[in-house]
There are 2 protein chains.
Amino acid sequence: MESRIERLCVERGLKMTGQRRVVARVLSDASDHPDVEELYRRAATLDSRISIATVYRTVRVFEEKGILDRRDFGGGRARYEPSEHGHHYHLIDVGSGKVIEFQDAEHEALMRTIAQRLGFELVSLRLELFGRKLDPVQAPKQARARRPKPSNHPTEQVQA
Amino acid sequence: MESRIERLCVERGLKMTGQRRVVARVLSDASDHPDVEELYRRAATLDSRISIATVYRTVRVFEEKGILDRRDFGGGRARYEPSEHGHHYHLIDVGSGKVIEFQDAEHEALMRTIAQRLGFELVSLRLELFGRKLDPVQAPKQARARRPKPSNHPTEQVQA
DNA sequence: ATAGGTGCAAAGCATTTGCCGCGGT
DNA sequence: ACCGCGGCAAATGCTTTGCACCTAT
């Protein structure tokens, strides 16, 4: 069946190849923020004759067409999520690397005001919180690498 | 003369070599957010027998000692500024790449509250605004590269 | 038919690191 | 003297690209 993102591709006049269909499906099904490696892994299980270069090219095209948003949570690799996913920000759990999404209606308006006060029209903004889970019982204290690369975990959806 | 940052190095027990002294001086004198290339360029004018690998090693050490803060403004290269520079955020002019600093006292408290509501202790946060200069006269419309790499410009200090 | 997509391997960039001689303390 | 530091070049990790072939439209 045609995935949600495949539909968007067609709308925007992209040539639909087998590989793009697979990546579109993987993205449509994802509820997290996978990096290219991860997309490639998931795509390969659906169709093993896809190369990682194609995944790189595909996310770039999708991003240029406004279908995907690229995120940089620090850790050196870009991560992706579908654009039409509502306005939200991210909180990264520094312990586990999990990403929690949250919303804050007032925030963007506030930032727009600040930008204006500085003489700028707000084009976009980046807001990420890094937090440690408040121990409900007892947070396991784990050794920390010097430059932790947040891993890829399912994303929780939360209203703040 | 001993630069401000050199003093910090000594306080924190770093072995002071000629190269470190040079990097410390460059950083003490900087009022912007240079990347490693730029630090290297500036350092080389003071002492040409320094290698870029040393600059990389030095900023890493300084960062670990809490002397420097690393910033990622998007564009693939890390940029640095002295830590004891007061709490502030950054607005990047998407037209020119210039970085404007601003403060907002309430903001961090607000984010702390949000994190807590989600069950997290706020460890750090990243906030960057990207804006286009509001035309006082007429903003020059320039062609945009696909993945613009913000260049390195003197930083303006502003109160928002 | 043909513009554009794909695979593969090589190239690119920013950054790190192994090795080994050198220089602070 | 000793341990850490610096230079150089090679290695790394993510991402892009040249080239030759293939395929949606």
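So you know, we letter chains A, B, ... as the sequences are listed, proteins then strands, and number each from 1.
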Distance (rounded to the nearest 0.5 Å) between [X] [atom1] and [Y] [atom2]:
X      : Y      : atom1 : atom2 : answer
A/L8   : A/K65  : CG    : NZ    : 12.5 Å
B/L14  : B/E6   : CG    : CD    : 11.0 Å
B/L127 : A/L127 : CG    : CG    : 5.5 Å
B/R60  : B/Y80  : CZ    : OH    : 8.0 Å

Checking B/R41, B/R57, B/E37 against B/I52 for side chain to side chain contact (heavy atoms under 4.5 Å, CB included), the one that qualifies is B/E37
Presence of [X] side-chain N/O under 4.0 Å of [N] phosphate oxygens OP1/OP2:
X     : N      : result
A/Q19 : C/dG7  : yes
B/R49 : D/dG7  : no
B/Y56 : C/dT16 : no

Polar atoms only, N or O, under 3.5 Å: list the protein pairs with nucleotides 21-24 of chain C and their distances.
from: C/dG23; atom 1: N2; to: B/K15; atom 2: NZ; distance (Å): 3.1

For B/S83 and B/G66, the nearest pair of non-hydrogen atoms, with its separation, is OG-O, 3.0 Å
Which of C/dG7, D/dT16, C/dT15 is nearest the side chain of B/A78? It is C/dT15
From OH of A/Y40 across to C1' of D/dT15 the rounded distance in Å is 15 Å
Closest to the 5' end of DNA chain C, once B/I52 and B/L14 are matched to their nearest nucleotides, is B/I52
Show me the protein contacts with nucleotides 8-12 of chain D, counting only N or O atoms at under 3.5 Å.
from: D/dC8; atom 1: N4; to: B/R57; atom 2: NH2; distance (Å): 3.4

